[in-house]
Amino acid sequence: VWEGAAAAETAARASLRPEVFDWIACGSGDELTVAANTSAWHDLRLRPHVLRDVTNVDISCSLLGTVLPMPIAIAPTSRHDLCDPEGEIATARGAAAAGALFAVATGSERTLQEISTAAAGAPRWFQVYMARDRGWTRERVQEAVEVGCSAVVLTADVPVVSRRRSTGAGFVDAGRVRIELDPSVGLDAIAWLGSISGLPVVVKGLLRADDAERCVAAGAAGLIVSNHGGRQLDGAVATARALPAVVAAVGQAAEVYVDGGVRRGTDVLKALALGAKSIFLGRPVLWGLAAGGAPGVEAVLRGFAEELELAMRLAGCTSLRELDSDLLAVV
Ligand code: FNR
């Protein structure tokens, strides 16, 4: 029985080494942004419709042309081996069982080939960091193309790694591979990644409308409004607050997604009402993985999907097309 993301977090805490749990939970600096991400979703209030037929609810969506059963995807996070001995292989199985999109991180412990085999036909994107050694990044991206990833996700909010309360026993987001991040990366990286992969490029980690416009002009097909789960610039605006301006700036020119502090189906509903095409889950997936392996990941994804369906029924909505900012109260 799904009891919510908070229960999954409690279960994960019980099964993980304290330093690993802490490494996952932590943010940068004073963790202002970690706290702001969740509270910003809470602060939004819904204006439900009543007396509408909500017998059948459809939460399927299409992301960059791929039809998915739910607008709930797995954000790229590294080192899944710290949560489960099978690492990303277990995550891939859980994602495939739920039919959810899995954005695989550069810092994965298992190889892309292994992860792709485990995901068996389920949609995958590949998250990339720009290394000083462009040849290295090119090889990773080419590997992603070969194993069937359908988009490249450029993480833009890590020109350098921030200072975090917990670096655990020296775990870094880069994981197994030591990446020498290139702080000089600019907008031209978007076109470069597109040209070497032939895939759509999604930019992850922006919070401003002007950056969104620049990224789309530079060739981005999608944008993930994100502050890295509060792990980079502490004090950065909550993603729920940054999302509307990005959606307004981009219009139909690119797809906009969001992550950060999404912990309930009602948060997903609010994100979609603000114009996101999908949300991504970071920590909740790791909690599911830690507590229950591949079935634990599947349970988290299905749990969020169930909560979203319930929230939609209670809000009088039956399809994602009906969701817009009219559903939100000005508070
Ligand atoms: C991350 N995140 C991340 N992002 C990325 O682009 N590449 C990465 O390797 C990682 N690694 C990573 C590890 C861990 C332990 C966490 C918690 C996060 C950020 C991630 O993709 C996402 O933006 C946030 O996790 C979303 O916020 P929530 O859902 O965790 O609140």
Side-chain angles (χ1 to χ4, degrees), residues 5-6 8-9 12 16 19-28 31 33-42 72-84 87-88 91 101-109 125-131 140 151-159 161-162 164-169 171-179 181 185 201-207 223-233 236 238-240 242-243 257-264 267-268 271 276 278-290 300-301 304:
E9 179 176 12
L16 286 172
E19 66 272 25
V20 173
F21 179 84
D22 207 41
W23 172 71
I24 293 168
C26 83
S28 56
E31 304 185 328
T33 297
V34 177
N37 275 347
T38 44
S39 64
W41 296 116
H42 296 175
I72 297 155
I74 301 182
T77 55
S78 54
R79 295 295 309 267
H80 292 194
D81 58 303
L82 295 171
C83 294
D84 182 282
E88 292 81 13
T91 313
L101 173 74
F102 180 13
V104 181
T106 289
S108 296
E109 187 64 14
W125 291 357
F126 178 65
Q127 176 265 325
V128 68
Y129 282 121
M130 298 292 283
R140 298 285 80 69
V152 176
V153 179
L154 170 63
T155 297
D157 57 7
V158 191
V161 178
S162 189
R164 303 189 183 141
R165 177 170 54 81
S166 163
T167 49
F171 319 127
V172 285
D173 278 4
R176 164 176 54 101
V177 279
R178 272 224 68 87
I179 303 163
L181 293 169
V185 172
V201 177
V202 174
V203 178
K204 171 176 183 282
L206 56 88
L207 296 162
L223 306 172
I224 306 180
V225 172
S226 171
N227 49 37
H228 217 97
R231 292 163 86 82
Q232 283 296 100
L233 176 65
T239 51
L243 178 60
Y257 325 107
V258 67
D259 75 20
V262 177
R263 301 292 179 264
R264 281 290 187 191
D267 298 338
V268 182
S278 177
I279 63 93
F280 284 74
L281 299 173
R283 295 177 183 89
V285 169
L286 297 176
W287 298 333
L289 180 65
V300 166
L301 295 163
F304 271 85

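Computed from a predicted structure; not experimentally measured. Atoms within each ligand, like the ligands themselves, are counted from 1 in listed order.
Arg79 places no side-chain N or O within donor-acceptor distance of the main-chain N or O of Glu109, the cut-off being under 3.5 Å. The backbone N or O of Gly260 lies less than 3.5 Å from a partner atom in the side chain of Trp41, making a donor-acceptor pair. A distance-only check finds no donor-acceptor pair linking the side chain of Ser278 to the backbone of Tyr257 [under 3.5 Å]. Side-chain N or O atoms of Asn37 include none that pairs as donor or acceptor with a backbone N or O of Gly229 at under 3.5 Å. A donor-acceptor pair under 3.5 Å is formed between the side chain of Arg164 and the backbone N or O of Arg231.
Minimum heavy-atom separation, Ala271 to Val258: CB-CG1, 3.7 Å. Between Leu286 and Ile24, the shortest heavy-atom distance links the atoms CD1-CG2, 3.9 Å.
Take Asp157 and apply the salt bridge (charged side-chain N to carboxylate O under 4.0 Å, His left out) test, not counting sequence neighbours, and it matches no residue. Partners of Arg283 according to the salt bridge (charged side-chain N to carboxylate O under 4.0 Å, His left out) rule, which considers only residues two or more places apart in sequence or in another chain, do not exist here.
Proximity of Val262 to ligand 1 is not established, as no heavy-atom distance is less than 4.0 Å. Ligand 1 lies less than 4.0 angstrom from a heavy atom belonging to Ser226.
Contact annotation: for Arg79 versus ligand 1, there are no heavy atoms closer than 4.0 Å. The residue Gln232 has no part lying near ligand 1, judged by heavy-atom distances below 4.0 Å. At a heavy-atom distance under 4.0 Å, only side-chain atoms of Gln127, from C-beta outward, approach ligand 1.
Considering backbone and side-chain N/O atoms, Gly261 comes within less than 3.5 Å of an N/O atom of ligand 1.
Atoms of ligand 1 lying under 4.0 Å from any heavy atom of Thr155, numbered from 1 in the order shown and given with element: 5 (C), 6 (O). The ligand atoms of ligand 1 that sit less than 4.0 angstrom from a heavy atom of Arg231 are 14 (C), 15 (C), 16 (C), 17 (C), 18 (C). Heavy-atom contacts of Arg263 reach the following atoms of ligand 1: 28 (P), 29 (O), 30 (O), 31 (O) (cutoff under 4.0 Å). Less than 4.0 angstrom separates some heavy atom of Trp23 from each of these atoms of ligand 1: 15 (C). Close contacts between ligand 1 and Gly260 involve ligand atoms 26 (C), 27 (O), 31 (O) [criterion: under 4.0 Å to a heavy atom].
Within the set His80, Lys204, Arg164, the minimum heavy-atom distance to atom 4 (N) of ligand 1 is found for Lys204. Closest heavy-atom approach to atom 1 (C) of ligand 1 within the set Val258, Leu154, Thr77: this belongs to Thr77. The option from Gly230, Gly282, Pro76, Cys83 that lies nearest to atom 2 (N) of ligand 1, judged by heavy atoms, is Pro76.
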